[in-house]
Amino acid sequence: MHRRNFLKSASAISAFSLLGKAETFGKTFHPAEEIIKPNRLEPGNTIALVAPAGSINEDELKESIENIEKLGFKTVYNESILEKYGYLAGSDQRRAEELNEMFGRKDVDGIICVRGGYGCARILPMLDYKTIKNNPKVLCGYSDITSLLYGIFAKTGLVAFHGPVGTSTYNDFSKRNFNDTLINPSDKQVLWNAEEINPPDNKKLYTMRSGKGNGRLAGGNLSIVVSMIGTEYDVDTTGKIIFLEEIG
(Lines give C-alpha, C1' and ligand atoms only; values in the text may rest on other atoms or scores of the structure.)
Protein backbone atom coordinates (compact mmCIF):
# COMPACT_ATOMS: atom_id res chain seq x y z
CA MET A 1 0.00 0.00 0.00
CA HIS A 2 1.42 3.38 -0.97
CA ARG A 3 1.64 5.83 1.91
CA ARG A 4 -0.07 8.59 -0.06
CA ASN A 5 -3.02 6.33 -0.72
CA PHE A 6 -3.51 5.61 2.96
CA LEU A 7 -6.93 7.21 3.09
CA LYS A 8 -8.23 4.84 0.41
CA SER A 9 -8.19 2.03 2.91
CA ALA A 10 -8.19 3.70 6.33
CA SER A 11 -11.33 4.20 8.31
CA ALA A 12 -11.77 7.98 8.10
CA ILE A 13 -10.20 10.94 9.80
CA SER A 14 -9.74 10.37 13.52
CA ALA A 15 -9.90 13.14 16.08
CA PHE A 16 -7.18 13.06 18.69
CA SER A 17 -8.72 13.61 22.11
CA LEU A 18 -7.14 11.97 25.10
CA LEU A 19 -7.77 12.38 28.78
CA GLY A 20 -6.79 10.89 32.11
CA LYS A 21 -3.90 10.00 34.36
CA ALA A 22 -2.40 6.57 34.74
CA GLU A 23 0.75 4.64 35.52
CA THR A 24 2.20 2.81 32.51
CA PHE A 25 5.66 1.27 32.35
CA GLY A 26 6.50 3.17 35.52
CA LYS A 27 5.64 6.53 33.94
CA THR A 28 3.05 8.89 35.40
CA PHE A 29 1.04 10.72 32.77
CA HIS A 30 0.18 14.35 33.46
CA PRO A 31 -2.05 15.38 30.57
CA ALA A 32 -3.10 18.94 29.90
CA GLU A 33 -5.67 20.21 32.39
CA GLU A 34 -8.33 20.79 29.76
CA ILE A 35 -9.26 19.58 26.29
CA ILE A 36 -9.07 22.32 23.67
CA LYS A 37 -11.00 21.90 20.44
CA PRO A 38 -10.11 24.15 17.49
CA ASN A 39 -12.77 26.00 15.53
CA ARG A 40 -14.22 24.05 12.63
CA LEU A 41 -13.03 25.02 9.18
CA GLU A 42 -15.22 27.00 6.79
CA PRO A 43 -15.03 27.31 2.98
CA GLY A 44 -12.84 30.26 2.14
CA ASN A 45 -10.65 29.84 5.24
CA THR A 46 -6.88 30.07 4.86
CA ILE A 47 -4.92 26.85 5.28
CA ALA A 48 -1.18 26.95 5.94
CA LEU A 49 0.90 24.26 4.26
CA VAL A 50 3.91 23.13 6.30
CA ALA A 51 6.65 20.54 5.89
CA PRO A 52 7.68 19.49 9.40
CA ALA A 53 9.19 16.15 8.37
CA GLY A 54 10.55 14.88 5.03
CA SER A 55 11.60 17.22 2.25
CA ILE A 56 9.27 18.12 -0.61
CA ASN A 57 9.80 19.33 -4.16
CA GLU A 58 8.00 21.98 -6.20
CA ASP A 59 5.66 19.45 -7.80
CA GLU A 60 4.54 18.15 -4.40
CA LEU A 61 3.97 21.69 -3.17
CA LYS A 62 1.96 22.52 -6.31
CA GLU A 63 -0.09 19.33 -5.92
CA SER A 64 -0.83 20.19 -2.28
CA ILE A 65 -1.95 23.70 -3.17
CA GLU A 66 -4.27 22.35 -5.86
CA ASN A 67 -5.72 19.69 -3.53
CA ILE A 68 -6.49 22.14 -0.73
CA GLU A 69 -7.84 24.85 -3.02
CA LYS A 70 -10.19 22.33 -4.65
CA LEU A 71 -11.63 21.76 -1.17
CA GLY A 72 -12.60 25.44 -1.14
CA PHE A 73 -9.75 26.93 0.89
CA LYS A 74 -7.04 29.50 0.30
CA THR A 75 -3.45 28.46 0.95
CA VAL A 76 -0.34 30.12 2.34
CA TYR A 77 3.18 28.81 2.88
CA ASN A 78 6.71 29.99 3.50
CA GLU A 79 9.22 29.88 0.66
CA SER A 80 11.53 28.02 3.05
CA ILE A 81 9.18 25.03 2.80
CA LEU A 82 11.29 23.81 -0.14
CA GLU A 83 14.56 23.81 1.80
CA LYS A 84 16.41 20.52 2.23
CA TYR A 85 18.73 19.27 4.95
CA GLY A 86 19.63 15.73 3.95
CA TYR A 87 16.28 13.96 3.66
CA LEU A 88 14.58 16.54 5.93
CA ALA A 89 12.67 19.65 4.87
CA GLY A 90 15.35 21.96 6.17
CA SER A 91 16.99 22.10 9.58
CA ASP A 92 15.16 21.21 12.77
CA GLN A 93 15.12 24.90 13.66
CA ARG A 94 13.55 25.89 10.33
CA ARG A 95 10.80 23.29 10.56
CA ALA A 96 9.98 24.21 14.16
CA GLU A 97 9.92 27.94 13.38
CA GLU A 98 7.59 27.32 10.44
CA LEU A 99 5.04 25.52 12.61
CA ASN A 100 5.32 28.06 15.43
CA GLU A 101 4.77 30.90 12.96
CA MET A 102 1.69 29.34 11.37
CA PHE A 103 0.06 28.75 14.74
CA GLY A 104 0.75 32.36 15.69
CA ARG A 105 -0.50 33.95 12.46
CA LYS A 106 -3.95 35.50 12.82
CA ASP A 107 -4.67 35.10 9.10
CA VAL A 108 -4.25 31.30 9.25
CA ASP A 109 -7.31 29.20 10.16
CA GLY A 110 -5.86 25.70 9.87
CA ILE A 111 -2.63 23.81 9.17
CA ILE A 112 -2.13 20.80 6.91
CA CYS A 113 1.21 19.03 6.57
CA VAL A 114 2.34 18.43 2.99
CA ARG A 115 3.80 15.01 3.80
CA GLY A 116 5.12 12.80 6.56
CA GLY A 117 8.37 10.85 6.35
CA TYR A 118 10.58 11.42 9.37
CA GLY A 119 11.69 14.31 11.55
CA CYS A 120 8.72 15.60 13.56
CA ALA A 121 9.92 14.11 16.85
CA ARG A 122 13.16 16.07 16.48
CA ILE A 123 11.35 19.42 16.67
CA LEU A 124 9.04 18.71 19.63
CA PRO A 125 11.40 20.39 22.17
CA MET A 126 11.52 23.48 19.91
CA LEU A 127 7.80 24.11 19.59
CA ASP A 128 6.24 27.16 21.25
CA TYR A 129 3.49 25.38 23.16
CA LYS A 130 2.24 28.59 24.77
CA THR A 131 1.59 30.13 21.35
CA ILE A 132 -0.02 26.91 20.13
CA LYS A 133 -2.32 26.71 23.15
CA ASN A 134 -3.31 30.37 22.83
CA ASN A 135 -4.01 30.01 19.10
CA PRO A 136 -5.80 26.65 18.71
CA LYS A 137 -6.20 25.61 15.07
CA VAL A 138 -6.93 22.49 13.11
CA LEU A 139 -3.72 20.52 12.56
CA CYS A 140 -4.02 17.59 10.18
CA GLY A 141 -1.68 14.85 8.94
CA TYR A 142 -0.73 11.21 9.38
CA SER A 143 2.33 8.95 9.36
CA ASP A 144 5.23 10.80 11.03
CA ILE A 145 2.89 13.69 11.82
CA THR A 146 1.67 11.49 14.68
CA SER A 147 4.62 12.89 16.67
CA LEU A 148 3.06 16.35 16.47
CA LEU A 149 -0.43 15.07 17.29
CA TYR A 150 0.95 13.39 20.42
CA GLY A 151 3.34 16.11 21.52
CA ILE A 152 0.99 19.03 21.02
CA PHE A 153 -1.87 17.28 22.80
CA ALA A 154 0.35 16.20 25.71
CA LYS A 155 1.64 19.74 26.20
CA THR A 156 -1.46 21.82 25.45
CA GLY A 157 -4.60 19.66 25.36
CA LEU A 158 -5.27 20.74 21.78
CA VAL A 159 -7.21 18.14 19.79
CA ALA A 160 -5.41 17.45 16.50
CA PHE A 161 -6.52 15.30 13.58
CA HIS A 162 -5.13 12.13 12.05
CA GLY A 163 -6.08 12.64 8.41
CA PRO A 164 -4.84 13.47 4.92
CA VAL A 165 -1.66 15.35 4.10
CA GLY A 166 -1.37 17.77 1.20
CA THR A 167 -0.21 15.13 -1.25
CA SER A 168 -2.83 12.53 -0.28
CA THR A 169 -5.30 11.18 -2.82
CA TYR A 170 -8.40 13.30 -2.31
CA ASN A 171 -11.03 10.88 -3.60
CA ASP A 172 -14.72 10.89 -2.66
CA PHE A 173 -13.99 8.88 0.49
CA SER A 174 -11.35 11.19 1.92
CA LYS A 175 -13.17 14.38 0.89
CA ARG A 176 -16.41 13.21 2.48
CA ASN A 177 -14.76 12.36 5.79
CA PHE A 178 -12.65 15.52 5.75
CA ASN A 179 -15.85 17.53 5.36
CA ASP A 180 -17.81 15.54 7.97
CA THR A 181 -15.03 15.86 10.54
CA LEU A 182 -13.52 19.31 10.03
CA ILE A 183 -16.16 21.42 8.26
CA ASN A 184 -19.61 20.09 9.17
CA PRO A 185 -19.16 17.81 12.20
CA SER A 186 -22.19 16.32 13.92
CA ASP A 187 -22.80 14.61 17.24
CA LYS A 188 -23.36 11.29 15.46
CA GLN A 189 -21.32 10.24 12.45
CA VAL A 190 -21.10 6.88 10.69
CA LEU A 191 -17.64 5.99 9.38
CA TRP A 192 -17.78 3.64 6.43
CA ASN A 193 -14.89 1.52 5.20
CA ALA A 194 -13.18 2.85 2.10
CA GLU A 195 -13.39 -0.59 0.50
CA GLU A 196 -17.14 -0.24 0.31
CA ILE A 197 -16.55 2.58 -2.16
CA ASN A 198 -13.60 1.21 -4.13
CA PRO A 199 -12.14 -2.14 -2.96
CA PRO A 200 -8.35 -2.19 -3.66
CA ASP A 201 -7.11 -5.37 -5.34
CA ASN A 202 -10.23 -7.29 -4.31
CA LYS A 203 -9.19 -7.11 -0.65
CA LYS A 204 -11.91 -6.73 1.94
CA LEU A 205 -11.75 -5.55 5.51
CA TYR A 206 -13.05 -8.06 8.02
CA THR A 207 -14.00 -8.03 11.67
CA MET A 208 -11.63 -10.02 13.90
CA ARG A 209 -13.92 -9.71 16.93
CA SER A 210 -17.29 -8.02 17.00
CA GLY A 211 -18.68 -5.99 19.87
CA LYS A 212 -19.47 -2.52 21.13
CA GLY A 213 -17.46 -0.04 23.14
CA ASN A 214 -17.02 3.64 23.76
CA GLY A 215 -14.16 5.95 24.62
CA ARG A 216 -11.95 8.71 23.27
CA LEU A 217 -9.84 7.97 20.19
CA ALA A 218 -6.08 7.62 20.60
CA GLY A 219 -3.39 6.36 18.27
CA GLY A 220 -1.84 7.09 14.90
CA ASN A 221 1.16 5.63 13.14
CA LEU A 222 2.28 2.47 14.94
CA SER A 223 6.04 3.14 14.74
CA ILE A 224 5.61 6.65 16.11
CA VAL A 225 3.18 5.60 18.85
CA VAL A 226 5.74 3.06 20.07
CA SER A 227 8.58 5.58 19.90
CA MET A 228 6.68 7.96 22.19
CA ILE A 229 6.47 5.45 25.04
CA GLY A 230 8.29 6.67 28.14
CA THR A 231 8.73 10.23 26.83
CA GLU A 232 7.14 13.45 28.04
CA TYR A 233 5.11 13.45 24.81
CA ASP A 234 3.45 10.09 25.45
CA VAL A 235 -0.28 9.90 26.13
CA ASP A 236 -2.43 7.80 28.41
CA THR A 237 -4.40 5.19 26.43
CA THR A 238 -6.32 3.76 29.39
CA GLY A 239 -9.97 3.25 28.43
CA LYS A 240 -9.42 4.62 24.95
CA ILE A 241 -10.33 3.29 21.51
CA ILE A 242 -6.99 2.68 19.81
CA PHE A 243 -6.51 3.13 16.06
CA LEU A 244 -3.25 2.39 14.27
CA GLU A 245 -1.92 2.76 10.73
CA GLU A 246 1.28 1.47 9.15
CA ILE A 247 2.77 0.52 5.79
CA GLY A 248 0.97 -2.53 4.44
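Please read all numbers here as calculations on a predicted model, not as lab measurements.
Side-chain atoms of Arg95 come within 3.5 Å of backbone atoms of Gly90 as a donor-acceptor pair (strictly under, hydrogens ignored). No donor-acceptor distance shorter than 3.5 angstrom exists from the side chain of Thr167 to the backbone of Glu60, with no hydrogens or angles considered. Side chain of Lys137 to backbone of Met102: a donor-acceptor contact under 3.5 angstrom is found. Under the 3.5 Å distance criterion, the side-chain polar atoms of Glu246 are matched with a main-chain donor or acceptor of Ser223. Although no hydrogens or angles enter the test, the distance criterion places no donor-acceptor pair under 3.5 Å between the side chain of Asn78 and the main chain of Ser80. Within the 3.5 Å criterion, the main-chain N or O of Arg209 finds no donor-acceptor partner in the side chain of Thr207. Between the side chain of Asn179 and the backbone N or O of Lys175, no donor-acceptor pair lies under 3.5 Å. A donor-acceptor distance shorter than 3.5 angstrom exists from the side chain of Asn135 to the backbone of Thr131, with no hydrogens or angles considered.
Nearest heavy atom pair, residue Gly119 against residue Asp144, reads N-OD2, 3.1 Å. The heavy-atom pair separating Ala51 from Ala89 by the smallest distance is O-CB, 3.4 Å. Of all heavy-atom pairs between Ala218 and Thr237, the closest is CB-CG2, 4.4 Å. Between Glu83 and Ser55, the closest heavy-atom pair is O-CB, 4.4 Å. Closest heavy-atom contact between Leu49 and Ile81: O-CD1, 3.5 Å. Of all heavy-atom pairs between Met126 and Asn100, the closest is O-ND2, 3.3 Å.
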Audit row: Arg94, Glu98, salt bridge (Lys or Arg N to Asp or Glu O under 4.0 Å) steps and yes/no: CA-CA 6 Å; Arg94 187 216 73 81; Glu98 176 185 62; 3.4 Å; yes
Passes side-chain contact (heavy atoms from CB on, under 4.5 Å), Leu88 versus Lys84? Steps please. CA-CA 6 Å; Leu88 300 171; Lys84 292 186 177 182; over 6 Å; no
Could you walk me through whether Thr181 and Gln189 satisfy the side-chain contact (heavy atoms from CB on, under 4.5 Å) test, starting with their C-alpha distance in whole Å, then the side-chain angles of each, then the deciding distance to 0.1 Å, before giving a yes or no? CA-CA 9 Å; Thr181 304; Gln189 179 181 344; 3.7 Å; yes
Are Ile56 and Leu82 close enough, and set up right, to give a side-chain contact (heavy atoms from CB on, under 4.5 Å), and what steps lead you there? CA-CA 6 Å; Ile56 65 170; Leu82 294 174; 4.0 Å; yes
Side chain to side chain donor-acceptor pair (under 3.5 Å) evaluation trace for Thr169 with Asn171: CA-CA 6 Å; Thr169 300; Asn171 54 17; over 6 Å; no
Check step by step if side-chain contact (heavy atoms from CB on, under 4.5 Å) holds for Val50 and Tyr77. CA-CA 7 Å; Val50 298; Tyr77 61 90; over 6 Å; no
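For Phe73, the CZ atom is densely surrounded, since the number of other residues' heavy atoms within 6.0 Å is greater than 12. Taking a 6.0 Å sphere around CG of Asn134, one finds it holds more than 12 heavy atoms contributed by other residues, nucleotides or ligands.
The existence of a salt bridge linking Asp107 and Arg105 is confirmed by a sub-4.0 Å separation between a basic side-chain nitrogen and an acidic carboxylate oxygen. Ion pairing between Lys70 and Glu66 fails under the 4.0 Å rule for side-chain N and carboxylate O.
Tyr150 has its side chain out of reach of Ile224: every pair of non-hydrogen atoms, C-beta onward, lies at least 4.5 Å apart. Residues Val165 and Ser143 are not in side-chain contact: their nearest non-hydrogen atoms beyond the backbone lie 4.5 Å or more apart. For the pair Met228/Val235, no side-chain contact is recorded, criterion being any heavy-atom separation below 4.5 Å from C-beta on. When side chains are defined from C-beta on, Glu63 counts as touching Asn67, because their heavy atoms get closer than 4.5 Å. Annotation: side chain of Ile68 is in contact with side chain of Tyr170 (closest heavy-atom distance under 4.5 Å). Side-chain contact check for Val114 versus Pro52: every heavy-atom pair is 4.5 Å or farther apart. Counting heavy atoms from C-beta outward, Phe153 and Leu149 have side chains that stay 4.5 Å or more apart. Using a 4.5 Å heavy-atom threshold, the side chains of Arg40 and Pro185 count as touching.
Atom CG of Leu217 and atom CD1 of Ile242 lie 9.0 Å apart (nearest 0.5 Å). Separation of atoms CD1 (Ile152) and OH (Tyr129) is listed at 6.5 Å; rounding is to 0.5 Å. Between the OG atom in Ser64 and the CD1 atom in Ile112 there is a gap of 9.0 Å [rounded to 0.5 Å]. Separating the CG atom in Asp109 from the CG atom in Asn45 is a distance of 3.5 Å, to the nearest 0.5 Å. Rounded to the nearest 0.5 angstrom, Phe173 CZ and Phe178 CZ are separated by 14.0 Å. Rounded to the nearest 0.5 Å, atoms CD1 (Ile123) and CD (Gln93) are 10.0 Å apart.
Connection of Tyr118 to Leu127 is not established within any shared hydrophobic cluster, with ILVMFWY side chains joined at heavy-atom distances below 4.5 Å, either directly or through further cluster members. Residues Ile132 and Tyr233 are members of one and the same hydrophobic cluster, defined by side-chain heavy-atom contacts under 4.5 angstrom among Ile, Leu, Val, Met, Phe, Trp and Tyr. Phe161 and Ile111 fall within a single hydrophobic cluster, where Ile, Leu, Val, Met, Phe, Trp and Tyr side chains are chained together by heavy-atom contacts under 4.5 Å. Cluster annotation: Leu139 and Leu124 are assigned to the same hydrophobic cluster (Ile/Leu/Val/Met/Phe/Trp/Tyr, side-chain heavy-atom contacts under 4.5 Å, transitive). No continuous path of hydrophobic side-chain contacts links Tyr87 to Ile145 [ILVMFWY only; heavy atoms under 4.5 Å].
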